[in-house]
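Below, all heavy atoms of this structure are taken into account, side chains as well, without hydrogens, waters or symmetry copies. Per chain, numbering begins at 1; letters A, B, ... match sequence-line order.
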Amino acid sequence: MHLLLLGVSHKTAPVDLRERLDFSSRDLGAAVEALATRPSTAESVVLSTCNRSEIYVASSDPFQARDDVTAFLSEYHSLEPGTFMPHVFAHSDEAAARHLFRVAAGLDSLVVGEPQILGQVKEAFQTASDRRCTGPILSKLFHWAFGVGKRVRTETALGEGAVSISFAAVALARKIFGRLEGRRVVIIGAGEISTLTAEHLRTHGVGEMLITSRTAASAEALAAAVGGVTVSWDEAMGALGHADIVVTATGSQRPILTLPQVEAATGRRRSDPLFIIDMAVPRDVDPAVGDLEQVFLYNIDDLQTTVQENLSRRAAEIQHAETIVSEELVKFASWQRSRGAVPTVVALRQRFDAIRRSELQRLDSKLAGLSPEARARVDEITRLIIEKLLLDPTEQLKALPDEETQVAYTEAVNRLFRLRANESTSEMPDSSTPTRPPDRRRS
Amino acid sequence: MNLIPLILYAAAGVVYAIHFARRQPAIGRAATTLLLFAVLSHTFVIGMQTMEVGHVPFANLSRLVSSFVWLLALSYMYLELTTDERAMGVFILPILVGLQMIPAINPGVERADPVLDSPWFWVHIASLLFAYASFALAAMLGLTYMLQFKEIKKKQLGYFYTRLPSLHILDAMNSRAVLLGWVFLTIGVVVGVVWTAQARALSPGNINLQEMSLDDPKIFIAVLSWAVYSFEMFARRTLGWAGRRSAWLSALGFVIILLNFLPVNYFVTTSHTFQ
């Protein structure tokens with residue numbers, strides 16, 4: 001079995017081509033099923049996000065599979081192969097696994113380390129697996145990739161630090177307030193940036209959200225979108241006294257929150273913090289407000305600075321993440337090699353069991369005098385003996401260090417026990433066309 | 001004997017520092033494991049000393065410090081396991097190592113005055129040690145609060161910002177530690193007063209007991225620290241002095257406690273030197 005990967009990504013294809021090769025807007029499950037009907041694709045997964053469309057296939061005939069996947073892409077999207085093939089990258093076996101590991105780790109993303117991609121990889125696998133398009137190879141590969149993604153996330157700072165303004169604002173709020181559940185928010189001005197921030201705050205479970213805006217319609221729209229309440233300007237000022245987070249993003253030319261205003265509103269409040277996020281240019285909040293002891297005032301430049309710092313910190317973590325990918329790749333490759341021994345192991349097992357059965361059959365008349373319990377015991381004991389005899393050879397075969405040794409060993413076992421590996425593997429769901437040792441030499 | 005726990009505390013401290021810098025979970029677990037071994041070996045040392053003299057080694061200052069370190073380590077481990085936050089370890093371990101040097105260098109001999117042979121004495125010492133351990137944690141939480149506060153306020157989100165828990169959590173943990181410490185400090189002081197009255201009646205000739213009054217620096221400073229922590233709690237609830245002010249008061253309170261625990265005990269007090 002070989003791995004094959006064909007795909008386009010933001011690194012190889014312009015956006016209009018990616019759009020035309022996109023699967024996510026259409027039924028992804030149907031696409032995987034359509035792909036899986038081709039004879040050469042024993043297992044398949046389609047990963048499609050706005051930055052990439054990738055097809056992972058496990059096949060015993062990678063050359064045929066490559067043609068099949070190309071034909072599939074062409075037919076499914078009604079495109080001439082000539083239009084997309086120059087932008088398609090293709091990897092096989094270890095290179096394909098490395099690519100998936102890097103994707104899952106966020107190393108191949110447009111914004112390095114972004115966290116959504118791991119979820120998208122999981123979803124792609126789940127969709128394929130639900131339609132029974134996956135098997136042991138891709139299943140192992142993808143679960144391994146999930147592990148790589150998780151390792152990179154926990155062991156490196158690659159995904160750390162917000163890399164967009166609104167995320168940076170929410171991350172700061174969480175550093176001040178811990179969990180945001182039940183925190184009270186006042187939003188002044190209902191433009192695009194305050195909408196984004198309000199949405200992030202909502203997903204973190206903030207409580208009451210009061211929204212005021214000069215244009216009532218946009219305030220209403222935002223309130224409806226994030227489950228807030230529209231209030232008048234005066235009501236919003238009155239609410240400052242017990243608010244935790246204030247977001248301002250108006251088009252006003254003068255500061256709308258001055259020091260006396262904020263002082264008056266927060267004068268009697270207890271000393272728990274007030275986080276004011278000023279996203280407007282020119283600024284909505286008098287910078288002097290930030291001197292109040294309990295006020296944390298951040299404007300859009302401050303947030304932009306933290307975003308830049310986070311981006312450069314991520315860049316410094318890339319090497320660390322690449323090392324993890326390489327480490328895992330070595331382990332995965334050794335697992336894949338161990339699979340080369342599987343047909344021989346299965347054949348050996350079946351051979352031994354066949355001998356056991358025929359011997360028991362031969363002795364049937366002699367055993368006739370035994371009680372049913374005793375006969376069951378004999379059956380059990382003979383089975384256990386075989387298990388024990390085969391335990392070490394099985395493990396040794398699977399743990400051979402490289403492909404050449406493995407071919408030599410499996411061939412020796414095949415000869416010694418007169419096995420024909422391919423005749424006895426019909427029960428193996430993943431090896432309907434097993435890799436015969438001579439073939440492996442060629443690859 | 002106190003040397004082995006000291007070495008283990010120091011090793012744990014180094015690993016906590018590495019974990020703080022690199023933030024790798026595996027290193028964090030190693031740090032906790034090392035600390036656990038340090039506490040176990042320390043438990044063994046204190047257990048041996050208890051068997052040797054027949055009671056918990058509280059009467060000699062050096063051994064008292066050792067018991068305090070042990071209690072502080074236990075309290076910190078409790079905090080770490082319940083909050084799953086390891087960032088504070090790098091601040092607590094230096095205190096453990098620094099204080100544990102005293103018993104490691106000079107183990108001291110437990111020569112208890114017969115007047116101390118009272119169950120009141122053990123309650124008095126144990127509650128005060130526990131109170132001090134809580135206050136030490138509160139002071140560390142206050143210190144980390146101030147570091148975190150400063151970075152966010154100055155908009156320099158750097159080293160501590162990425163490593164420390166949120167201000168809210170630090171403040172809440174600080175409040176809890178102060179409350180717990182205050183309760184035990186109160187118990188310790190009240191028990192001390194009651195027991196002194198009793199002991200005076202039993203052994204009228206004891207010089208130490210005659211010195212027990214607010215004029216004695218040790219007792220005065222103990223009451224002062226009680227006042228500081230009482231004010232901290234009062235101010236938090238009625239004046240809204242949470243956060244930074246509370247953090248400052250916790251640090252101040254612990255400085256007073258530490259002064260009282262070591263220099264005052266060694267050089268100034270006359271009432272609390274039973275040897």
Side-chain angles (χ1 to χ4, degrees), chain A residues 150-162 168-169 171-183 204 244 266-278 287 290-310 313-314 317 320 324, chain B residues 18-30 83-87 141-142 144-176 232 234-249:
Chain A
K150 204 175 154 207
R151 253 195 87 186
V152 167
R153 200 181 294 179
T154 52
E155 293 179 27
T156 76
L158 193 70
E160 261 179 36
L172 261 166
R174 283 165 56 82
K175 268 293 172 187
I176 296 169
F177 298 110
R179 294 152 61 84
L180 296 183
E181 269 92 358
R183 294 288 170 184
H204 281 94
D244 297 301
T266 61
R268 274 180 296 136
R269 57 182 285 128
R270 304 179 307 130
S271 70
D272 43 42
L274 172 63
F275 180 31
I276 303 180
I277 309 158
D278 182 357
D291 297 337
L292 292 173
E293 185 185 326
Q294 71 275 34
V295 173
F296 296 100
L297 172 62
Y298 274 70
N299 64 39
I300 198 144
D301 281 0
D302 302 330
L303 294 172
Q304 193 66 55
T305 310
T306 66
V307 165
Q308 281 309 324
E309 282 169 6
N310 289 340
R313 212 171 298 149
R314 282 186 181 196
E317 285 292 309
H320 190 179
I324 291 177
Chain B
I18 298 174
H19 170 247
F20 193 74
R22 299 219 190 131
R23 290 177 297 163
Q24 286 169 1
I27 297 179
R29 284 192 292 274
T83 59
D84 207 23
E85 278 291 350
R86 286 201 175 90
L141 290 162
T144 46
Y145 183 97
M146 286 185 275
L147 290 172
Q148 178 82 292
F149 182 94
K150 214 172 136 192
E151 285 201 346
I152 298 181
K153 187 85 177 171
K154 296 228 161 117
K155 303 173 185 179
Q156 290 159 345
L157 310 179
Y159 196 73
F160 293 108
Y161 176 79
T162 47
R163 287 167 172 80
L164 294 176
S166 71
L167 289 177
H168 175 76
I169 287 175
L170 289 170
D171 194 38
M173 291 201 294
N174 172 282
S175 162
R176 222 177 300 165
E232 182 180 335
F234 166 79
R236 176 186 285 277
R237 277 159 188 76
T238 57
L239 309 178
W241 278 32
R244 207 156 63 116
R245 297 180 187 189
S246 196
W248 273 112
L249 284 174

If you tally heavy-atom pairs under 4.5 Å between each of A:R183, A:E155, A:E309 and chain B, the highest tally belongs to A:R183

Is chain A contacted by the side chain of B:R22, its backbone, both, or neither, given a heavy-atom distance below 4.5 Å? neither

Heavy atoms only: give me the nearest B:Y161-A:L172 pair and the separation to one decimal. OH-CA, 3.6 Å

Going through the distances and angles, do B:L167 and A:F296 end up as a side chain to side chain contact (heavy atoms under 4.5 Å, CB included)? CA-CA 12 Å; B:L167 289 177; A:F296 296 100; 3.6 Å; yes

Ion pair check, B:K153 and A:E293, cut-off under 4.0 Å: no

Considering all heavy atoms of both residues, which atom of B:S166 and which atom of A:F177 are nearest to each other, and what is their separation? OG-C, 4.0 Å

Atom group of A:L303 that falls short of 4.5 Å from chain B, counting heavy atoms: neither

Please state whether the side chain, the backbone, both or neither of B:I27 comes within less than 4.5 Å of a heavy atom of chain A. neither

Name the member of B:D171, B:L170, B:L164, B:I152 that forms the most heavy-atom pairs with chain A at distances under 4.5 Å. B:I152

Is there a side chain to side chain contact (heavy atoms under 4.5 Å, CB included) between B:H168 and A:R174 once you walk through the steps? CA-CA 9 Å; B:H168 175 76; A:R174 283 165 56 82; over 6 Å; no

Shortest non-hydrogen separation from B:K155 to A:L297 and the atoms involved: CE-O, 2.7 Å

A:R313 versus chain B, the contacting section by heavy-atom distance below 4.5 Å: side chain

